[in-house]
Amino acid sequence: MRKDIKQMIMEKKQSAQKYLDMILADRYMAYEIFDHFFTLYLCEKFLLTPEELTTDNFYEICQLSAEKASNLPKGLLDASELASKCGGATTAMNKKVLFLLAVNREYGIVIDADESVQIETFTALKQLVYDKLNSK
């Protein structure tokens with residue numbers, strides 16, 4: 001079972017890399033195409049399918065991914081984290097920060113701390129990344 005999980009994660013990582021490469025290969029990509037590929041990139045990174053993106057709220061997407069990875073019912077992950085953490089950072093918050101760090105590194109852009117706290121929707125994140133890629 002552990003080997004299957006490791007294999008799935010490696011396949012998702014390779015697939016995310018494919019979408020990253022497609023985006024970086026076309027500097028003048030139309031926003032609609034970028035939107036599609038970046039959404040697929042996020043899905044691969046978050047182990048989600050596009051159909052599971054039932055909200056545009058970026059924190060909620062992070063929460064969906066964390067809940068799916070933990071195999072806990074909706075809401076139970078937050079409850080268990082509140083009981084066990086004094087720092088207050090949830091798995092979803094950590095996932096958001098780590099994803100933004102990966103986007104900075106992999107796309108060669110800088111989303112600074114001020115910008116990152118203002119990102120409330122996935123649409124806003126996509127537009128910010130697209131704008132930064134096109135201003136390079």
Side-chain angles (χ1 to χ4, degrees):
M1 176 156 160
R2 214 173 184 164
K3 189 176 179 181
D4 293 340
I5 293 170
K6 184 177 178 182
Q7 179 66 31
M8 181 201 48
I9 291 171
M10 292 305 295
E11 288 171 3
K12 294 286 188 180
K13 184 176 180 180
Q14 290 171 346
S15 187
Q17 183 65 47
K18 177 183 75 170
Y19 295 120
L20 170 66
D21 292 343
M22 292 168 85
I23 289 169
L24 294 179
D26 187 355
R27 184 175 171 102
Y28 303 104
M29 178 179 287
Y31 180 79
E32 294 74 24
I33 298 168
F34 167 83
D35 181 314
H36 176 72
F37 287 145
F38 193 79
T39 298
L40 295 174
Y41 167 83
L42 172 124
C43 286
E44 296 301 323
K45 289 281 196 180
F46 280 14
L47 308 177
L48 295 171
T49 65
E51 296 77 33
E52 291 172 307
L53 297 180
T54 56
T55 179
D56 191 40
N57 182 296
F58 189 52
Y59 179 81
E60 289 176 9
I61 293 170
C62 294
Q63 186 68 25
L64 286 169
S65 175
E67 288 172 350
K68 183 175 181 179
S70 71
N71 287 323
L72 291 174
K74 186 168 180 58
L76 194 56
L77 181 62
D78 276 345
S80 67
E81 288 179 331
L82 286 175
S84 67
K85 289 189 177 180
C86 347
T90 65
T91 301
M93 286 179 200
N94 291 333
K95 191 172 258 314
K96 177 183 177 181
V97 170
L98 292 173
F99 182 74
L100 293 175
L101 289 172
V103 167
N104 279 344
R105 183 183 69 252
E106 293 176 357
Y107 285 85
I109 61 174
V110 176
I111 298 172
D112 63 36
D114 290 336
E115 291 170 319
S116 68
V117 296
Q118 294 177 15
I119 297 169
E120 293 186 12
T121 65
F122 185 42
T123 298
L125 172 60
K126 289 184 282 190
Q127 188 64 59
L128 180 63
V129 172
Y130 183 79
D131 291 345
K132 287 184 176 284
L133 285 173
N134 284 316
S135 68
K136 282 173 58 174

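Only this structure's heavy atoms are used, side chains among them; waters, hydrogens and symmetry mates stay out.
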What one should report as the nearest heavy-atom pair of Cys43 and Thr49 is SG-C, 3.7 Å
Rounding to 0.5 Å, atoms CD1 (Ile119) and CD1 (Ile111) come to a distance of 5.0 Å
Q. With hydrophobic residues grouped by side-chain heavy-atom distances under 4.5 Å, do Val97 and Val129 end up in a single group?
A. no
**Prompt:** When you measure from the side chain of Asp56 to the backbone N and O of Thr123, does any donor-acceptor pair fall under 3.5 Å?
**Reply:** yes
To the nearest 0.5 Å, atom CD of Gln63 lies from atom CZ of Phe46 at 11.0 Å
Test log, rule side chain to side chain contact (heavy atoms under 4.5 Å, CB included), inputs Leu64 and Glu52: CA-CA 8 Å; Leu64 286 169; Glu52 291 172 307; 5.6 Å; no
Between the main-chain N or O of Ala102 and the side-chain N or O of Lys45, is there a donor-acceptor pair closer than 3.5 Å?
-> no
Could you tell me whether a side-chain N or O of Lys68 sits under 3.5 Å from a main-chain N or O of Leu47, the two making a donor and an acceptor? yes
Going hydrophobic residue to hydrophobic residue with side-chain gaps under 4.5 angstrom, can you get from Leu125 over to Leu101?
no
Counting N and O atoms only, with roles assigned by atom type, does the side chain of Ser135 sit under 3.5 Å from a partner on the main chain of Lys132, one being a donor and the other an acceptor?
yes
Listed pairs under 3.5 Å, donor-acceptor, residues 16-25 side chains, sequence neighbours left out:
residue : atom : partner : partner atom : Å
Gln17   : NE2  : Asp21   : OD1          : 2.7

* For the residue pair Phe99 and Phe38, categorise the inter-ring angle as parallel (less than 30°), tilted (30 to 60°) or perpendicular (more than 60°). => perpendicular
Exercise. Quick one: does Ser15's side chain have a donor or acceptor within less than 3.5 Å of a partner on Lys12's backbone?
Worked result: no
Problem set entry | Worked verdict on Gln118 versus Asp114 for side-chain hydrogen bond (donor to acceptor under 3.5 Å, both in side chains) | CA-CA 7 Å; Gln118 294 177 15; Asp114 290 336; over 6 Å; no
Nearest heavy-atom contact between Ala66 and Ala92 is CB-N, 4.5 Å
Any link between Tyr31 and Leu53 through a network of hydrophobic side chains (Ile, Leu, Val, Met, Phe, Trp, Tyr) touching at under 4.5 Å?
yes
Here the gap from Phe58 atom CZ to Leu100 atom CG, rounded to the nearest 0.5 Å, amounts to 5.0 Å
Evaluate whether atom CD of Glu115 has more than 12 neighbouring non-hydrogen atoms of other residues, nucleotides or ligands under 6.0 angstrom away.
-> yes
*Side-chain heavy atoms under 4.5 angstrom apart, residues restricted to Ile, Leu, Val, Met, Phe, Trp, Tyr: same cluster for Met93 and Leu98?*
no
Heavy atoms of Asp35 and Thr39 approach each other most closely as O-OG1, 2.7 Å
Between the main-chain N or O of Glu11 and the side-chain N or O of Gln14, is there a donor-acceptor pair closer than 3.5 Å? no
Heavy-atom donor-acceptor pair, Tyr130 side chain to Met29 backbone, under 3.5 Å
yes
(message) Let's go through Tyr59 and Lys96 carefully: what are the C-alpha distance in whole Å and the side-chain angles of both, what is the deciding distance for side chain to side chain contact (heavy atoms under 4.5 Å, CB included) to 0.1 Å, and is it a yes or a no?
(response) CA-CA 7 Å; Tyr59 179 81; Lys96 177 183 177 181; 5.5 Å; no
